[in-house]
Amino acid sequence: MRYKNSEKIYEEAIKLIPGGVNSPVRAFKSVDKQYPIFIKRGEGAKIYDEDNNSYIDYICSWGPLILGHTNERVLKGVREAIELGSSFGLPTKKEVELAELICKAYPSIEMVRVTTSGTEATMAAIRVARAYTNRNKILKFEGCYHGHSDSLLVSSGSGLLTDGYQDSNGITEGVLKDTLVAKFGDIEQVRNYLKNKDVACVIMEPIPANMGVIKTSKRFLEEIREICTETGTVLIFDEVISGFRVAFGGAQEYFDIKPDITTLGKIIGGGYPVGAFGGKKEIMELIAPVGRVYHAGTLSGNPVAVRAGIETIKYLSENKDWLYKELENKVIYLTDKIEEFSEKYSVPIVINRVGSLFTIFFTRQKEINSLRDVIESDGENYSIYFNTLLDNGVVAPPSKFEAHFISIAHTQKELDKTLEVIEIAFKRIGERIER
Ligand SMILES: *Cc1c(COP(=O)(O)O)cnc(C)c1O
């Protein structure tokens, strides 16, 4: 039995942890599997489970591992940091170094605060936007995920959609009423919501990647930027995924549009728990102890996590001239071949790709541009795709609402092996469609 140990661990896990997992999408529920694989270790582009099966990894910890698992440089930095102590509850020089690296890469960020997760970063970003504008309401977009704080858990894609719902229970009506939701791409709706000048901020993934990848038009972002400026609304780009991923300077460099506040996470922790939010000095100086907006954290700026982030960002910085192009080329290589399989086996798909992020939607629709389109795409075919890959040593995201992530550690040989397996999956899906 290929997954014997994982199954056994799962049986224990569900008695002790809700659903057996510490984050819902890991449970593999939406891809028709009874239990997830439990991972023992990773190396390069591969992960290994408790049954010693190996997989070429297209989750990459949901984005942070742009350099692959156990990257030598990151590992060396982390080892050094660990030896110096775990955490002090007092500031360290390395936190300043990380702040400097972030501010240099993101000219819109004049000052930055480090947190322990992306969730905390967006939560604090909204708080400071409210304080800055003296307004209560916030505007977000359908299918954009910004972590699991109350006011952002409305129509928020990803793990919620995977489990078949959009909003979480346990959130008060008061909170819900202050969160406005617009359709991604619908500029008139944005204009309408903002015209009364009572919305504190617009928060958005400039390139949505938590309902699968959705392409953004530069014009849409430009118009939002203009409307926010006109109405005194703070524009927050949540670049927790897109930051250091679609380009070194994130989506704001990719589209050349400056938000007022940026949130970061994932890559800036190199696989360790980190988030950050930053922006204009006049906004950031509202934060305690300079101003009266509270934000704190016992482990904020943890030295080990910060060191992993520094090494990751430095590596990216030193190699950015070829690295982002190469990541994108790897993905183009994969997706071009997948398009061929789609023809060959008569499996209708749409692939959305931005930089090195991509999602394969099994659908007869011509384009996938909104949450509605994504929901209508075929989950059963995605499930066959996922399970065929898993059984043959490739792990894709366990939900049709997620992006595939790739790292520089993925070798040509691993890409070709991946394609061999994807072809098997497409053949199966083609046969299912025929019947
Ligand atoms: C992952 C993610 C978050 C939340 O980050 P956590 O570290 O999981 O709390 C927020 N925003 C976006 C866009 C994300 O992808």
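Keep in mind that this is a model prediction, so the values were computed, not measured.
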Step by step, work out the side chain to side chain donor-acceptor pair (under 3.5 Å) result for Arg130 and Asn136. CA-CA 6 Å; Arg130 281 178 163 147; Asn136 290 335; 5.3 Å; no
Report the C-alpha distance between Glu326 and Lys330 in whole Å, list the side-chain angles of each, state the deciding distance to 0.1 Å, and finish with yes or no for salt bridge (charged side-chain N to carboxylate O under 4.0 Å, His left out). CA-CA 6 Å; Glu326 182 171 316; Lys330 286 180 203 285; 3.3 Å; yes
Decide salt bridge (charged side-chain N to carboxylate O under 4.0 Å, His left out) for Lys280 and Asp260; before the verdict, give the C-alpha distance in whole Å, the side-chain angles of both, and the deciding distance to 0.1 Å. CA-CA 6 Å; Lys280 286 186 183 152; Asp260 302 306; 2.9 Å; yes
Side chain to side chain donor-acceptor pair (under 3.5 Å) between Asp32 and Ser383: does it pass, once the steps are laid out? CA-CA 7 Å; Asp32 297 327; Ser383 178; 3.0 Å; yes
Apply side chain to side chain donor-acceptor pair (under 3.5 Å) to the pair His295 and Arg113, showing each step before the final yes or no. CA-CA 9 Å; His295 162 262; Arg113 257 289 166 85; 3.1 Å; yes
Stepwise side chain to side chain donor-acceptor pair (under 3.5 Å) test for Thr262 and Gln252: CA-CA 9 Å; Thr262 302; Gln252 51 198 276; 3.0 Å; yes
For Glu188 and Arg191, run salt bridge (charged side-chain N to carboxylate O under 4.0 Å, His left out): C-alpha distance rounded to whole Å, both residues' side-chain angles, the deciding distance at 0.1 Å, then the answer. CA-CA 5 Å; Glu188 283 319 309; Arg191 207 184 299 281; 3.6 Å; yes
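Between Leu101 and Lys314, the closest side-chain pair of non-hydrogen atoms falls below 4.5 Å. Proximity of Val21 to Pro36: side-chain heavy atoms (C-beta onward) are separated by under 4.5 Å at one or more points. Here the side chains of Ile138 and Leu152 are in contact, with some heavy-atom distance below 4.5 Å. Side-chain contact between Pro206 and Glu239 is present, with heavy atoms from C-beta onward closer than 4.5 Å. Looking at heavy atoms from C-beta onward, Thr216 lies in side-chain contact with Phe184 at the 4.5 angstrom threshold. Using a 4.5 Å heavy-atom cutoff, the side chains of Glu222 and Lys218 are in contact.
In the model, Ser399 has no side-chain atom that pairs as donor or acceptor with a side-chain atom of Glu402 under 3.5 Å. Inspection of the Thr411 and Glu414 side chains reveals an N or O donor paired with an N or O acceptor under 3.5 Å. Judged by distance alone, the side chains of Ser377 and Gln365 never bring a donor and an acceptor atom under 3.5 Å apart. For the residue pair Thr122 / Asp238, no side-chain donor-acceptor distance below 3.5 Å is found, with atom types taken as modelled.
What you find for Ala131 and Val293 is that their closest heavy atoms are CB-CG2, 3.3 Å.
In this structure, Tyr58 and His410 have tilted ring planes: the angle between them lies in the 30° to 60° band. Ring pair Phe362/Tyr385 is tilted by interplanar angle, where 30° to 60° counts as tilted. Ring geometry, Phe341 versus Phe426: the interplanar angle falls from 30° to 60°, so the pair is classed tilted.
Enclosure of atom NZ in Lys104 is not indicated, since only 12 or fewer non-hydrogen atoms of other residues, nucleotides or ligands lie within 6.0 angstrom.
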